[in-house]
Colleague: 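Below you will find the structure I want to go over with you.
Residue numbers count from 1 along this sequence. Whatever order the structure lists them in is the order used to number ligands and atoms, beginning at 1.
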Amino acid sequence: MDLLPVVFRFLHIISAVTLVGGVLAWVFGFLPALTALSAEVRQKVENAAAAAWRPLVLSSILGLLVSGTWNFTTNFLHREGLQPAWHPVFGVKILLALHVFGVALLATKPGNTKRTRQLTGVAVSGVVIVLLSALLRFLSK
Ligand code: HEM
């Protein structure tokens, strides 16, 4: 068995789970729990959580870029027989991934007052990316 595809597949999936799962937990778990706090305390807690979370966001972006680029260049760049819809669906996925990467990084900056709205958008894009990735798998069979 070739180990490299397993390693890169693991890296892609663990990074996707960490990034999208982290955003969903933030929007649907952490934020509702903070509404009972005063605005000042809330800001402090949010900024501390964002600073602690930022290294995970950075490492999952790196993991997705490295594993996704390896997978794309090794398995798809010269592949024949992909269904025609694969290419546009992959293009939309990459555009949404750029949105997720950029805005997740912005949102974890200290003192960001637009964090809630930004992470809500990232949560929507993240879920759509996972849906498109599920679709891609069947378009490439
Ligand atoms: C937020 C960003 C991303 C998420 C959540 C994500 C998620 C996923 C998931 C869940 C899969 C299916 C894994 C499997 O069945 O083994 C997948 C497949 C894939 N991903 Fe990503 N991904 C992201 C970004 C990227 C990027 C930036 C690239 C390229 C540079 C990429 C390239 C690929 C490729 C080529 C596949 C295989 C598609 C196929 O089976 O036809 N992904 N991705």
Side-chain angles (χ1 to χ4, degrees), residues 1-37 39-141:
M1 190 183 75
D2 198 355
L3 207 62
L4 213 55
V6 181
V7 171
F8 279 118
R9 193 167 192 196
F10 167 74
L11 184 60
H12 206 72
I13 293 172
I14 192 74
S15 305
V17 166
T18 305
L19 186 57
V20 180
V23 174
L24 290 174
W26 186 290
V27 171
F28 294 105
F30 182 57
L31 286 180
L34 294 186
T35 49
L37 302 177
E40 198 189 334
V41 177
R42 192 187 154 127
Q43 271 302 316
K44 273 192 183 158
V45 175
E46 270 198 47
N47 282 332
W53 185 38
R54 194 170 164 85
L56 246 82
V57 171
L58 277 165
S59 48
S60 27
I61 291 175
L62 199 67
L64 283 163
L65 282 172
V66 169
S67 58
T69 306
W70 180 86
N71 189 6
F72 178 70
T73 50
T74 312
N75 299 314
F76 295 96
L77 196 56
H78 302 295
R79 179 138 149 203
E80 285 172 17
L82 288 172
Q83 293 197 32
W86 192 91
H87 300 278
V89 172
F90 186 70
V92 174
K93 172 186 163 158
I94 294 301
L95 289 178
L96 287 173
L98 292 178
H99 171 244
V100 166
F101 296 165
V103 179
L105 278 178
L106 261 184
T108 51
K109 281 196 157 184
N112 185 342
T113 50
K114 297 179 187 152
R115 194 176 285 131
T116 301
R117 184 173 56 78
Q118 289 172 341
L119 287 179
T120 307
V122 170
V124 173
S125 293
V127 170
V128 175
I129 291 175
V130 175
L131 181 68
L132 294 180
S133 303
L135 188 63
L136 282 173
R137 195 159 173 74
F138 291 94
L139 292 173
S140 60
K141 273 192 174 160

Colleague: Before you tell me yes or no, could you show the steps for L131 and V127 under side-chain contact (heavy atoms from CB on, under 4.5 Å), namely the whole-Å CA-CA distance, both residues' side-chain angles and the distance that decides it to 0.1 Å?
Modeller: CA-CA 6 Å; L131 181 68; V127 170; 5.7 Å; no
Colleague: What I'd like to find out is whether the side chain of V89 reaches to under 4.5 Å of the side chain of L139, using heavy atoms alone.
Modeller: yes
Colleague: Do you know which of T120, T108, N47 makes side-chain hydrogen bond (donor to acceptor under 3.5 Å, both in side chains) with R115?
Modeller: N47
Colleague: Who's the nearest protein heavy-atom neighbour of atom 41 (O) of ligand 1, and how far?
Modeller: W86 NE1, 2.8 Å
Colleague: Please confirm whether F72 and F90 have ring centers closer than 6.0 angstrom.
Modeller: yes
Colleague: Using atom types as modelled and distance alone, determine if a side-chain donor or acceptor of S140 lies under 3.5 Å from a backbone N or O of R137.
Modeller: yes
Colleague: Distance to 0.1 Å, residue and atom name: give those for the protein heavy atom nearest to atom 13 (C) of ligand 1.
Modeller: I13 CG1, 4.2 Å
Colleague: Please write down residue, atom name and distance for the protein heavy atom closest to atom 39 (C) of ligand 1.
Modeller: F76 CZ, 3.5 Å
Colleague: If you have a sec, work out which protein heavy atom is nearest atom 16 (O) of ligand 1 and how many Å separate them, to one decimal?
Modeller: R9 NE, 2.4 Å
Colleague: Going by heavy atoms in the side chains, are F101 and S60 under 4.5 Å from each other?
Modeller: no
Colleague: Measure the distance from atom 26 (C) of ligand 1 to every protein heavy atom, then report the residue, atom name and distance (to 0.1 Å) of the closest one.
Modeller: I94 CD1, 3.8 Å
Colleague: For ligand 1 and T69, I'd like to know whether there is a polar contact (N/O to N/O, distance under 3.5 Å).
Modeller: no
Colleague: If you draw a 6.0 Å radius around CZ in F76, do more than 12 non-hydrogen atoms from other residues or ligands fall strictly inside?
Modeller: yes
Colleague: Give the numbers and elements of all ligand 1 atoms closer than 4.0 Å to a heavy atom of S140.
Modeller: 39 (C), 40 (O), 41 (O)
Colleague: Ignoring hydrogens and angles, tell me if any N or O in the side chain of T35 forms a donor-acceptor pair with the backbone of P32 under 3.5 Å.
Modeller: yes
Colleague: Tell me the contacting part of L96 for ligand 1: side chain, backbone, both, or neither, using a 4.0 Å heavy-atom threshold, strictly below.
Modeller: neither
Colleague: Please check: side-chain N/O of N71 versus main-chain N/O of S67, any donor-acceptor pairing under 3.5 Å?
Modeller: no
Colleague: Counting only heavy atoms, which portion of R137 has something under 4.0 Å from ligand 1: side chain, backbone, both, or neither?
Modeller: both
Colleague: Taking only residues two or more places apart in sequence or in another chain, which ones pass side chain to side chain contact (heavy atoms under 4.5 Å, CB included) with K141?
Modeller: F138
Colleague: Which count of protein N, O or S atoms is obtained for distances strictly below 2.8 Å from atom 21 (Fe) of ligand 1?
Modeller: 2
